[in-house]
Amino acid sequence: MSQYSTDTLVRGTKQLGITLSEKQIQQFIRYYELLVEWNSFMNLTAITEYEEVMEKHFVDSLAAVKVCDFHQVKSLIDIGTGAGFPGIPLKIAFPHLEVVLLDSLNKRTKFLNEVIQQLGLENIRTIHGRAEDYAKQKEYREQFDVCVSRAVANLSTLSEYCIPYVRKKGEFISYKSGKIEEEAGQAKKAISILGGKISKIEKFCLADTDMERSFIVIDKEKKTPEKYPRKAGMPSKEPIQ
């Protein structure tokens, strides 16, 4: 493992106020190795160069500390986690978190389970299926302090996927790129119907890059009406207007 420089990861996390132990650094390196290995036979990420993964996947995933004190969070669900971003980096950096990773593709959850096993992570599990379906189950509905999503979908659709998982007084944190004021404005009605309210929009550039990133933080103010989320496919086909 010594062939890897840890400068980008250590510098990026320090700028976020996170100090990683040697064990955590090695977990990130092993995660990178598994990502590249599995990416050779399945589509996990277009970004595979070591420094870029450290910066654009790992440090970017952890940047949510700008809007949330994860030391105060107990349970977290990552909707549409894909290759495990941001859920696994957050779990590595904050080992106390109880994490659920949801993805609709079974082969991706197999990859995630391999990462969890190889990194020796505890109190983290994957579920394979659609966000609309699991959100109807008592075990998951309104059970989490925080829901995060780096998935690509408009905010109205994402909110219908994610807000039902958040307990009252919890938060949904949406990772976005670039300018999001218009999208946030268009989603306000949907967010309100689902029981939430936008409390914060944080814009920044990823450390040492000119990549524009944004977080939209939605506070859960009241219970989500039973009818939401609608049946699978509806939130993306017909976002709440």
Side-chain angles (χ1 to χ4, degrees), residues 16 45-47 55-57 59-68 70 73 76-87 89-90 101-105 130-132 134-135 142 144-207 209-225 227-241:
L16 294 171
T45 176
I47 298 170
E55 199 166 59
K56 295 178 181 177
H57 281 325
V59 176
D60 184 54
S61 291
L62 296 175
V65 298
K66 289 176 175 286
V67 293
C68 179
F70 286 95
V73 175
L76 177 144
I77 186 166
D78 179 3
I79 300 295
T81 187
F85 311 126
L90 287 168
L101 307 171
L102 181 146
D103 200 83
S104 61
L105 214 59
R130 298 190 68 126
E132 301 99 316
Y134 277 102
E142 300 187 322
F144 296 90
D145 297 333
V146 172
C147 175
V148 291
S149 185
R150 217 167 157 242
V152 180
N154 76 62
L155 189 59
S156 293
T157 299
L158 265 183
S159 294
E160 190 169 351
Y161 290 151
C162 295
I163 291 175
Y165 288 94
V166 181
R167 66 166 178 76
K168 199 171 168 188
K169 295 189 177 175
E171 291 180 335
F172 163 40
I173 302 172
S174 176
Y175 287 61
K176 290 284 184 181
S177 56
K179 298 171 175 59
I180 36 73
E181 286 83 2
E182 187 178 344
E183 184 180 345
Q186 290 170 347
K188 270 187 181 174
K189 183 180 177 185
I191 290 165
S192 177
I193 288 170
L194 293 160
K197 182 182 180 182
I198 295 176
S199 65
K200 191 182 297 182
I201 295 176
E202 177 89 12
K203 294 190 286 185
F204 64 99
C205 279
L206 198 55
T209 77
D210 55 3
M211 278 180 61
E212 290 185 338
R213 305 292 285 139
S214 304
F215 289 111
I216 301 173
V217 182
I218 294 167
D219 289 347
K220 182 77 170 272
E221 296 189 317
K222 55 185 187 287
K223 283 175 74 85
T224 301
K227 68 179 279 191
Y228 298 107
R230 293 164 293 164
K231 67 181 182 182
M234 286 292 287
S236 56
K237 281 186 196 138
E238 296 176 25
I240 302 168
Q241 298 295 328

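Below, each value reflects all heavy atoms present in this structure, side chains not excepted, and no hydrogens, waters or symmetry copies.
R213 places a side-chain heavy atom less than 4.5 Å from the side chain of Y175. L76 places a side-chain heavy atom less than 4.5 Å from the side chain of F70. Contact annotation: the side chain of E55 never approaches that of M211 to less than 4.5 Å [non-hydrogen atoms, C-beta and beyond].
With values rounded to the nearest 0.5 angstrom, E212 atom CD is found 4.0 Å from K179 atom NZ. Note: I240 CD1 to K189 NZ = 9.5 Å, rounded to the nearest 0.5 Å. Atoms CG and CD1, from D145 and I77 in turn, are 12.0 Å apart once rounded to the nearest 0.5 Å. Taken to the nearest 0.5 Å, the CG atom of D219 stands 11.0 Å off from the NZ atom of K169. In this structure, I79 CD1 and F144 CZ are separated by 7.5 Å, a value rounded to the nearest 0.5 Å. Interatomic distance, NZ of K227 versus CG of L194, reported as 10.0 Å (0.5 Å rounding).
By the 6.0 Å contact criterion, CD on E182 is open, its count of non-hydrogen atoms from other residues, nucleotides or ligands being 12 or less. Within a 6.0 Å sphere centred on NZ of K222, other residues, nucleotides and ligands contribute more than 12 heavy atoms. Atom CD of E202 has more than 12 neighbouring heavy atoms from other residues, nucleotides or ligands inside a 6.0 Å radius.
Judged by distance alone, with hydrogens and angles left aside, the side-chain atoms of Y165 form a donor-acceptor pair with the main-chain N or O of A131 at under 3.5 Å. Between the side chain of K220 and the backbone N or O of F172, no donor-acceptor pair lies under 3.5 Å. A side-chain donor-acceptor contact under 3.5 Å links T157 to the backbone of P235. Judged by distance alone, the side chain of Q186 and the main-chain N or O of S156 form no donor-acceptor pair under 3.5 Å. Under a 3.5 Å cut-off, the side chain of S236 and the backbone N or O of G233 do form a donor-acceptor pair. Side-chain atoms of S174 never come within 3.5 Å of backbone atoms of I216 as a donor-acceptor pair (strictly under, hydrogens ignored).
For the pair K66 and F215, the cation does not sit on the ring face, since its NZ or CZ is not both under 6.0 Å from the ring centre and inside 45° of the axis.
Screening D103, D78, D60 for a salt bridge (charged side-chain N to carboxylate O under 4.0 Å, His left out) involving R150 leaves a single residue, D60. Tested against I173, the residues C147, C68, C162 include a single side chain to side chain contact (heavy atoms under 4.5 Å, CB included) partner, C68.
Shown here for K176 and A153, the closest heavy-atom pair between the two residues is NZ-O, 2.5 Å. Scanning both residues, E183 and L155, for their nearest heavy atoms gives OE2-N, 2.8 Å. Shown here for P239 and N154, the closest heavy-atom pair between the two residues is CG-ND2, 3.7 Å.
Looking at E142 and K168, no side-chain N of the basic residue comes within less than 4.0 Å of a carboxylate O on the acidic one, giving no salt bridge.
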